[in-house]
Amino acid sequence: MKIAVLSTFYPYRGGIAQFNAALYRAIERKYEVKAFNFSLQYPKAMFPGKTQLVTADDKVDEIPTVRVLNAMNPATYMTTVKRIREFEPDVLVIGYWMPYMAPALGYVAKKMSKHCRVVSIVHNATPHEQGKLDRTLSNYFFNRNSHCIALSNAVNKEIKENYPRVKSKVLLHPVYDHFGNVVDRTEAAEKLNLNPDKKYLLFFGLIRDYKGLDQLLLSMKDLEEDIHLIVAGEVYGSFEQYDEIIKSHQLEDRVHLNLEYISDEMVKYYFSLTSVVVLPYKSGTQSGIIAIAKHFNKPVVATDVGGLSEFIQDETEGMIVPPNNVLELSKGIEKMLNSVHITTTDQPSTYNWDDFVEDMLEFMIEE
């Protein structure tokens, strides 16, 4: 079987590129695969971060790809179809995560459906921060797809309610395994220049309003003094509101900021030092952060939004608290810090990349 994958890969960075890299490696273990990539995702003026590309010191999996699709240039949509057809795949897998990509990816999905089976892996059916054209663009994409994989029941529900013609199936986000192994806590603290005698919470990933960092900062005033918070990730937008909370509650000594994109090589140090990973989201669907936490066997406190609760199987993995409730968030953190976390290297088969690929292909041939 020949499988083509169209989405974002190296040299682009971020969670979607990491997901696609792991997916590609799982596919190539059993099938012939070729990756088709963007030549341009967003114009610089539209991108809220510092750069879309990996930096020289970011050691990532350099997936070989054909860089052909320019999201802003319809002429490349046709060229992309041509290049994929030259590969003669039996299956085309498309990674979809936001309406901005809908015209490009929807066009390719429709054209390629005449030549092979097409399945789209949907990270988000609707964006976290919606714009005026998002519904129209989303309709364009989903109306040009016949089969979709949702990474949470919440996303699957959105697809079924809004696009009942589309066949969809839930396959939960597999556990990441490319960030290396857990390191000694003292070594991690030394690497991050932090005191190993403190308890650390971790807020990890892009900092955007819907992720609720303000709620987590406010909860810190209700937690014991030896509980510290690490905020590690690039800011999309302004950090001013968070700075005001830190200063007004005298949290400067307990909140440790690294407001930069965290390279793959550094991820293991943050998670190895951390006692609890916190996802205080105000809205959301699913999260690759939980997949990383599972790899490092770290418990998670997450809010009950979207499909986040689907990834917390029991109290050894974490707990779910109400969203937008600072008191309940602090109580959940305290309970998780005081509980006995059972260390295990066994991962549920649900989160295995090889099983994910096989279940996806099985779904494609179901009639």
Side-chain angles (χ1 to χ4, degrees), residues 128 185-186 188-262 266-267 269-284 287 289-290 292-293 296 298-306 308-309 312 315 317-341:
H128 301 298
R185 195 170 185 276
T186 302
E190 183 178 349
K191 186 75 172 181
L192 300 175
N193 196 29
L194 293 172
N195 184 348
D197 297 329
K198 303 298 182 180
K199 299 177 183 177
Y200 290 100
L201 310 176
L202 177 63
F203 179 98
F204 190 84
L206 297 177
I207 300 168
R208 301 173 67 176
D209 182 66
Y210 77 88
K211 291 191 175 184
L213 176 57
D214 56 326
Q215 302 292 294
L216 179 52
L217 290 171
L218 289 170
S219 77
M220 290 292 292
K221 68 182 188 300
D222 298 321
L223 300 174
E224 295 177 1
E225 288 292 319
D226 68 337
I227 299 173
H228 287 217
L229 169 64
I230 301 171
V231 178
E234 187 174 355
V235 181
Y236 277 18
S238 171
F239 197 75
E240 184 178 348
Q241 63 167 317
Y242 310 115
D243 261 334
E244 289 179 358
I245 295 173
I246 293 170
K247 292 173 182 177
S248 63
H249 293 283
Q250 294 82 50
L251 297 172
E252 291 92 339
D253 294 336
R254 295 174 57 207
V255 177
H256 309 278
L257 305 175
N258 184 0
L259 306 181
E260 302 285 343
Y261 180 84
I262 308 302
M266 290 297 296
V267 170
Y269 298 109
Y270 286 97
F271 281 83
S272 295
L273 181 59
T274 296
S275 298
V276 176
V277 179
V278 187
L279 281 71
Y281 291 10
K282 301 173 183 177
S283 64
S287 175
I289 307 303
I290 298 180
I292 303 174
F296 289 102
K298 296 295 180 177
V300 174
V301 173
T303 48
D304 192 9
V305 298
L308 296 186
S309 63
I312 309 299
E315 288 195 2
E317 292 188 342
M319 67 179 301
I320 300 297
V321 299
N324 298 302
N325 190 318
V326 173
L327 180 60
E328 290 299 320
L329 179 61
S330 59
K331 286 181 179 179
I333 291 169
E334 286 179 341
K335 182 177 181 180
M336 206 72 254
L337 285 170
N338 293 327
S339 67
V340 178
H341 182 53

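Please read all numbers here as calculations on a predicted model, not as lab measurements.
Looking at every heavy atom in both residues, Q215 comes nearest to N325 through OE1-N, 3.8 Å. Across all their heavy atoms, K298 and T274 have their closest contact at NZ-O, 2.9 Å. Residues Y281 and S287 approach most closely at OH-OG, 3.6 Å, considering heavy atoms. For the pair F203 and K211, the tightest heavy-atom approach, listed with the atom from each and the gap, is CE1-O, 3.6 Å. Closest non-hydrogen pair, V321 versus E328, comes out as CG1-O, 3.7 Å. What you find for S330 and L223 is that their closest heavy atoms are O-CD2, 3.6 Å.
Residue-environment remark: CD (E252) exceeds the threshold of 12 foreign heavy atoms within 6.0 Å. For K221, the NZ atom counts as densely surrounded, since its 6.0 Å shell holds more than 12 non-hydrogen atoms of other residues, nucleotides or ligands. The neighbour count for D226 CG, taken as heavy atoms of other residues, nucleotides or ligands under 6.0 Å away, is above 12. For K282, the NZ atom counts as densely surrounded, since its 6.0 Å shell holds more than 12 non-hydrogen atoms of other residues, nucleotides or ligands.
The distance from atom CG of L273 to atom NE2 of H228, rounded to the nearest 0.5 Å, is 11.0 Å. Rounding to the nearest 0.5 Å gives a distance of 4.5 Å between CG of L206 and OH of Y236. The CZ atom of R185 sits 8.0 Å away from atom CG of D197, with the distance rounded to the nearest 0.5 Å. Here the CE atom belonging to M220 is positioned 13.0 Å from the CD atom belonging to Q250, to the nearest 0.5 angstrom. Taking OG of S309 as the reference point, atom CG of D304 lies at 5.0 Å (rounded to 0.5 Å). We find the CG-CG distance between L201 and L337 to be 6.0 Å, quoted to the nearest 0.5 Å.
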inquiry  = Walk me through whether V231 and Y242 qualify under side-chain contact (heavy atoms from CB on, under 4.5 Å).
reply    = CA-CA 11 Å; V231 178; Y242 310 115; over 6 Å; no
key: L329 and V301: CA distance, side-chain angles, deciding distance, side-chain contact (heavy atoms from CB on, under 4.5 Å) verdict   = CA-CA 8 Å; L329 179 61; V301 173; 4.1 Å; yes
query = Stepwise, does the side-chain contact (heavy atoms from CB on, under 4.5 Å) test hold for V300 with M336?
reply = CA-CA 8 Å; V300 174; M336 206 72 254; over 6 Å; no
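Looking at heavy atoms from C-beta onward, V276 lies out of side-chain contact with K199 at the 4.5 angstrom threshold. Counting heavy atoms from C-beta outward, I245 and L213 have side chains that stay 4.5 Å or more apart. No side-chain heavy atom of Y270 sits less than 4.5 Å from a side-chain heavy atom of L194. Proximity of D222 to E334: side-chain heavy atoms (C-beta onward) are nowhere separated by under 4.5 Å. Side-chain contact between L217 and I246 is present, with at least one heavy-atom pair separated by less than 4.5 Å. Between F296 and V267, the closest side-chain pair of non-hydrogen atoms falls below 4.5 Å. Counting heavy atoms from C-beta outward, F239 and L257 have side chains that approach closer than 4.5 Å. Two residues are said to be in side-chain contact when any heavy atoms from C-beta on lie closer than 4.5 Å; L216 and S219 meet this criterion.
Side-chain N or O atoms of R208 include none that pairs as donor or acceptor with a backbone N or O of G237 at under 3.5 Å.
The pair K198-D253 does not count as a salt bridge, with every side-chain nitrogen at least 4.0 angstrom from each carboxylate oxygen.
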